[in-house]
Amino acid sequence: MSTVSKLMSSGFESLLTFGTIRALTSTTPQTAALTAAASTITHLALRTFSNSVTPRHQETFSEMIGRWTYRVPQVKEAVQKQVEGEYRKFLSEAKDLWSAFGKMHTALPEKGLSKQQLNEIVSRYSQVTNDHIKDKNISGAIYVPQDTAQEQADDTQSLTLEKGSPLEIALGNLNAVLPRAAEKAAHWNPLHKNEFPVGNLIEYQVVRIVADMFGGKANEVAGFVTSGGTESLMQAVYGYRQWGRSKGHGPTESVVIAPDTIHASIDKAGLKYDVKVVKVPADENGNVSLIEIKKAVKKYGSKVVALFGSAPNYPTGAVDPIKEMALIADEAGIGFHVDCCLGAFVIDQELDVKYLTYKGVTSLSADTHKNGLTAKGSSVLVGKTTVEQDIIYHSGFSIPEWRGGVYGTPRDPGSQSCVPAFQTLLTLLALGKQGYKENATNIRTTVKAIKTMLEQHFPSDIQVLGDARVNVIPFKIAESLNLEKGATYALIDELKKHNFNIKAIKGDAAHICVTGRFAQDVDVVRKLQQALKTSIDSVKELNNEVQAGKKDFPGDARLYCTVCDITEPNLTSSTWGKYFENRFLGPMALKATVLHYFKALQNPFVEVPTTDLTS
């Protein structure tokens, strides 16, 4: 805090104290009330003034003065007029650069494009880009020597007869087209829009297509193609934090609230961006209480920047009450992000949800490299530009003081490859509504069949959790069997012997995430039924040995996306010494184990020393 601010702050307290004392010692109640009211109003007015002239977190003195001066109506009008003028220039330049690329796609075509049409897009985008930079001596930006013959060659592959369902045709076309697209786009860099306007053009289309799937209007949204769902969610948290900073939040002040079934990347973002993540407990089926969410929003008040919900969540596959949560967010004047990373291209096809039309929803994420069937890694973050909480705007970096010139990026990365976004666009256009509808229907049909099989053939052995509304079927060994803790994880290990790799989740439970690959086996339900029958019998036999102290069942849920056994500290020990060890040393050891796991993957040939757990 500046010296001036400190003096003013101390002056406020003196003024308030002096005014209060005078009010309390006045001879009449009327005089006392007036004096107290006057001192309080003065105190609040001066404190408001102090807040406006106190530098915000990471705000320079010049920026503080600018923000203060911007309160003058004439100044605000003049600045806005200048910014809007420059913005219109940017729009005009982008339209001119993009016009050469031909038709833009802002929604899925009804029928997927043919191999010839996809190849024509690759050729046109490549040719226009090459013509744009040809014969130019460019400082930086492009570092690979130009190979004119290779760049200008038309290597469109010969067409083959297309047979099969819309999904089969599309996947066959993509096998032929995507490698060529990757080759052509290998050195395109959207950071340099003057040299590679194709990068922004591609991202524009992908974002609008995904937004349209959820009811978003092309002129009311913006967004990014990211490397995956983790980056999409983390970028959303960062955008909301920056919106909070624009309101005056300091370091660690911003809060996001979510059910405790939200993806762990929210916690990761909280650690990276100094955002407090508040989790509202959901029940065993993954259902969260709206009353508890409202309590959390009220408790943290003006510090809350956003709510996060899942459709569906990863652990149990439950869909959060999106519409109701959106209304809570809207009433509180905060953002609301819908995480559709796992459910996109299924929930929108089968349940026809239009989340971006809901009042209160301000952003959404959808993984195109999951049920969108495009290459890894690719995800989309969509934000509404018509709301105060415009996270795409607030995600940008502007560093005008840099010696190298005015520097800025729309989000964390600087230079990046256009290949993932280009392949994503081609995949969306190849599948079309028919292809994605077919894939989604196959998934939902398989989900329903598995759920029915579990309920009809294993009613006393397996407990299905939740309603399996989208593409995840959560379950656990039935408590009525009275098996030892870890029995469900033992069941997962037994199922591996029958070529079923099922994911473990917290709470001695598991889930089956049905994908297009899983569903393509027309006999998968019968195979799973037989595998479960044999595996359940094996677990019951193992349980006898566990109860006799001869063996142990596995510990808690495995490390996400791996087969590692990471155990949860046992807090049921009867001795105080063991309780202390597991309660306080267990979590540190668990964290160190996870970090050592990744370190081993980076170089498995180096012996890793034990890390000091207190470091």
(Q) Using the ring pair (Phe, Tyr, Trp, His ring centres under 6.0 Å) criterion, which residues pair with F224? Sequence neighbours excluded. (A) none

Q: Would you mind reporting whether C513 and K503 have side-chain heavy atoms less than 4.5 Å apart?
A: no

Q) Are Y314 and H511 close enough that their ring centres sit under 6.0 Å apart? A) yes

Q: May I ask you to check whether W188 and Y125 place their ring centres under 6.0 Å from each other?
A: no

Q: Start with the C-alpha gap between F101 and T129, add the side-chain angles, then the distance that decides, and say whether side-chain contact (heavy atoms from CB on, under 4.5 Å) holds.
A: CA-CA 9 Å; F101 292 95; T129 299; 3.8 Å; yes

Q. Looking only at heavy atoms, which two atoms of Q416 and P190 are closest? And how far apart?
A. O-CD, 3.2 Å

Q: Not counting sequence neighbours, list each pair that qualifies as a salt bridge (charged side-chain N to carboxylate O under 4.0 Å, His left out) and has a residue in residues 356-369.
A: D330-K359, D367-K370

Q | side-chain hydrogen bond (donor to acceptor under 3.5 Å, both in side chains) involving E350 - partner list, sequence neighbours excluded | A | K437, T441

Q: Drop me the distance from L271's CG to S265's OG, to the nearest 0.5 angstrom.
A: 11.5 Å

Q) Can you tell me how far the CG atom of L373 sits from the CG atom of L428, to the nearest 0.5 Å? A) 9.5 Å

**Q.** Non-hydrogen atoms of A211 and V221 that approach each other most closely
**A.** CB-CG2, 3.8 Å

Q: Please name the pair of heavy atoms, one in S415 and one in H192, separated by the smallest distance, quoted to 0.1 Å.
A: OG-NE2, 4.4 Å

Q: Report the residues that fulfil ring pair (Phe, Tyr, Trp, His ring centres under 6.0 Å) with Y393, sequence neighbours left out, ordered by chain and then residue number.
A: none

Q: Report yes if some heavy atom in the side chain of I257 is under 4.5 Å from a heavy atom in the side chain of V297; otherwise report no.
A: yes

(Q) Ignoring hydrogens, what is the shortest heavy-atom contact between G333 and Q389? Give both atom names and the distance. (A) O-NE2, 3.2 Å

(Q) Using a 3.5 Å distance criterion without hydrogens, assess whether the side chain of Q205 forms a donor-acceptor pair with backbone atoms of H105. (A) yes

**Q.** For Y273, side-chain hydrogen bond (donor to acceptor under 3.5 Å, both in side chains) partners two or more places apart
**A.** D412

Q. Out of curiosity, D131 CG to S126 OG, how far, rounded to the nearest 0.5 Å?
A. 9.0 Å

Q.
Pairing donors with acceptors under 3.5 angstrom, does anything connect the side chains of H337 and S365?
A. yes

Q. So with a 6.0 Å cut-off around NZ of K276, is the heavy-atom count from everything else above 12?
A. no

Q) Does the H249 side chain pair with the main chain of S302, one donor and one acceptor, at a distance under 3.5 Å? A) yes

Q.
Considering only residues two or more places apart or on different chains, which pairs with a residue in residues 208-237 satisfy side chain to side chain donor-acceptor pair (under 3.5 Å)?
A. T226-S232, S227-E231, E231-R411, S232-S379, Q235-S395

Q | L425: which of V206, T374, V225, L118 passes side-chain contact (heavy atoms from CB on, under 4.5 Å) | A | V206

Q) Applying salt bridge (charged side-chain N to carboxylate O under 4.0 Å, His left out), which residue pairs with at least one partner in residues 310-329 are found, sequence neighbours left out? A) none

**Q.** Contacts of type side-chain hydrogen bond (donor to acceptor under 3.5 Å, both in side chains), residue N287, not counting sequence neighbours
**A.** none

**Q.** Side-chain donor or acceptor of R444 paired with backbone N/O of R469 under 3.5 Å
**A.** yes

Q) So, the side chain of D348 versus the backbone of D352: is there a donor-acceptor pair under 3.5 Å, distance only? A) no

Q.
If I take atom OG from residue S363 and atom CZ from residue F308, how far apart are they, to the nearest 0.5 angstrom?
A. 6.0 Å

Q: With sequence neighbours left out, write down each residue that passes ring pair (Phe, Tyr, Trp, His ring centres under 6.0 Å) with F345, or none if nothing qualifies.
A: Y436

Q: Please test I391 against W243 for side-chain contact (heavy atoms from CB on, under 4.5 Å), starting from the C-alpha separation and ending with a verdict.
A: CA-CA 7 Å; I391 61 168; W243 171 66; 5.7 Å; no

Q. Closest approach of G360 and A329, non-hydrogen atoms and distance?
A. O-CB, 4.4 Å

Q: Would you please name every residue forming a ring pair (Phe, Tyr, Trp, His ring centres under 6.0 Å) with Y204, sequence neighbours left out?
A: W98

Q.
So L97 and L201, do their side chains get closer than 4.5 Å, heavy atoms only?
A. no

Q. Checking Q349 side chain against A440 main chain: does a donor-acceptor pair fall under 3.5 Å?
A. no

Q. Do C340 and F214 come within less than 4.5 Å of each other through their side chains, counting heavy atoms only?
A. yes

Q) Between atom CG of D267 and atom CG of D260, what is the distance when rounded to the nearest 0.5 Å? A) 10.0 Å

(Q) Could you check, using the six-membered ring where one of them is a Trp, whether F336 and Y355 have ring centers closer than 6.0 angstrom? (A) no

Q | pair K115-V177: side-chain heavy atoms closer than 4.5 Å | A | yes

Q) Is there a side-chain contact (heavy atoms from CB on, under 4.5 Å) between T385 and I392 once you walk through the steps? A) CA-CA 8 Å; T385 59; I392 306 304; 5.5 Å; no

Q) After noting the C-alpha distance and the side-chain angles of L429 and I209, does the key distance pass the side-chain contact (heavy atoms from CB on, under 4.5 Å) rule? A) CA-CA 9 Å; L429 298 179; I209 289 173; 4.3 Å; yes

Q: Could you tell me whether K268 atom NZ has more than 12 heavy atoms of other residues or ligands within 6.0 Å of it?
A: no

Q) So do the side chains of L113 and E120 get within less than 4.5 Å of each other, counting heavy atoms only? A) no

Q.
Taking the side chain as everything from C-beta on, heavy atoms only, tell me whether N285 gets closer than 4.5 Å to T316.
A. no

Q | Side-chain heavy atoms of V128 within contact of V198, under 4.5 Å | A | no

Q) Between the main-chain N or O of S378 and the side-chain N or O of T368, is there a donor-acceptor pair closer than 3.5 Å? A) yes

Q) Just by distance, do the side chain of D274 and the backbone of T252 share a donor-acceptor pair under 3.5 Å? A) no

Q. Are the side chain of K384 and the backbone of V361 linked by a donor-acceptor contact shorter than 3.5 Å?
A. yes

Q: Taking side-chain hydrogen bond (donor to acceptor under 3.5 Å, both in side chains) as the test, write out the residues that go with T362, two or more places apart.
A: Y240

Q | Donor-acceptor pair, side chain of N313 and main chain of I262, under 3.5 angstrom | A | no

Q | Contacts of type side chain to side chain contact (heavy atoms under 4.5 Å, CB included), residue R517, not counting sequence neighbours | A | T515, Q520

Q: Considering non-hydrogen atoms only, spot the tightest contact between L342 and N371 and give its length.
A: O-ND2, 3.1 Å

Q. Hey, does the side chain of S123 reach the backbone of N119 with a donor-acceptor pair shorter than 3.5 angstrom?
A. yes

Q. Rounded to the nearest 0.5 Å, how far does CG of L307 lie from NZ of K294?
A. 11.5 Å

